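Fair warning: this is a prediction, and the values are worked out from it, not measured in the lab.
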Amino acid sequence: MSRPINLFSGYSQRENRTTNYCLLLLKMLYEENPKFLAEVMSTLIGEDVGERIGVNFSQQERKGSAIPDGLILQRAFTIYIETKNWDWFYQSQLERHLAALDAENSGLKVLIALANFESADREKFKPIRQLCAERYHGSIVFEEVSFEDFIQALRLPHLPKNLADAVADFRSYLDEQNLLPSWRRLLDVVNCAGIPDDVLVGHVYMCPATSGAYSHQRCKYFGMYRNKHIEQIALIEAVVDVEAKGKATVKWQNVPGLKDDELKAVSERKIDELRPNSFPTRVFLLGPLFATDCQKDSPGGMVASKQYFDVGQLDVDGAEHLARTLSGRTWSEIRSHAAV
């Protein structure tokens, strides 16, 4: 049974909740200004879709043998969205969607496969594209869209603050749900001047498990900053929020094969060793540290307690390789890769 799009979805399945939130954002954009939705859909699918969203007004436009003085027109279009947490779609399900779309009223018809596409393999959709071209004679457009592409399309530069904040919150939700692969490219540089032993001796970084200044988006690498330079690089194996003794939640796990219970136990042990009875605490479990020397060449220290850098274009393989690559460079040299 269909349900209306709602701020409080009530869905228990994660895929259904995510779909509800995706549609809710699109609905909010449309209600603010149909052109916002048109821009988003144009980015995701193509200009033809954008032109069909919203009512068009014109005058003295020829329609066959008639030229009405005024014309108000809304073109027909239908968009189906199939959402998956991972890029694993059942071809039979997509084929049923195509058949249902074909039975819809006339107009542009689009099927979107929305997922976290961790792999670059899109050949699996070749049979679906062939069906669109051959059986449906190009009357149905098929597109696979990653959550990363979706959130980028939503981030229109001219959105009012309330919508921009909603998009930012939605990105945080997708990040929390491990639906954004962009974390694999990110280096989280953190000011550790006051707590170097946590990192150098304990191989952890700890901060209050709260929002605001202590919130961190998911990243692959950790950079220890003090004295105007990044001096250590490590792989972030996992991040665990320890709310109280015996109560912990694995926030992210970047290294496969580690069991949740083991990560929680290690995190609690690190708190006992370094910050007894400090709750709630967010624990970054770090891999081996590798020395580097990446200088901050602009005046003053870090403005905030952390900064993110997109190191994907450096084409590095692991923390040690990243440490070697950054050593001897300045922040201004890698500034073009800064994510925030």
(request) Give a yes or no answer on whether the side chain of Ser267 reaches the backbone of Leu263 with a donor-acceptor pair at less than 3.5 Å. (result) yes
(message) For Arg96, is there an ion pair with Glu82 - N to carboxylate O distance below 4.0 angstrom?
(response) no
(message) When you compare the side chain of Leu114 with that of Phe147, does any pair of heavy atoms fall below 4.5 Å?
(response) yes
(message) Looking at Arg129 and Phe125, would you say the former's side chain and the latter's main chain have a donor-acceptor pair under 3.5 Å?
(response) no
(message) So does Gln217 get a backbone contact from the side chain of Tyr308, meaning a donor-acceptor N/O pair under 3.5 Å?
(response) yes
(message) I'd like to know if the side chain of His158 and the backbone of Leu156 have a donor-acceptor N/O pair within less than 3.5 Å.
(response) no
(request) Working to the nearest 0.5 Å, report the span between CG of Leu23 and OG1 of Thr83. (result) 7.5 Å
(message) I'd like to know whether the aromatic ring centres of Phe309 and Tyr221 sit less than 6.0 Å apart in this structure.
(response) no
(request) Looking only at non-hydrogen atoms, find the nearest pair between Leu274 and Gly202 and report the distance. (result) CD1-CA, 4.2 Å
(request) Considering non-hydrogen atoms only, spot the tightest contact between Leu44 and Glu143 and give its length. (result) O-CG, 4.3 Å
Would you give me the side-chain donor-acceptor pairs under 3.5 Å for residues 28-35, sequence neighbours excluded?
from, atom 1, to, atom 2, distance (Å)
Asn33, OD1, Lys35, N, 3.0

(request) May I ask you to decide if Glu104's main-chain N or O and Lys109's side chain share a donor-acceptor pair within less than 3.5 Å? (result) yes
(request) Run the salt-bridge test on Glu148 and Arg185 with the 4.0 Å N-O cut-off and return the result as yes or no. (result) yes
(message) Between Thr249 and Lys251, does the side-chain hydrogen bond (donor to acceptor under 3.5 Å, both in side chains) criterion hold? Intermediate values first, please.
(response) CA-CA 6 Å; Thr249 304; Lys251 191 174 177 66; over 6 Å; no
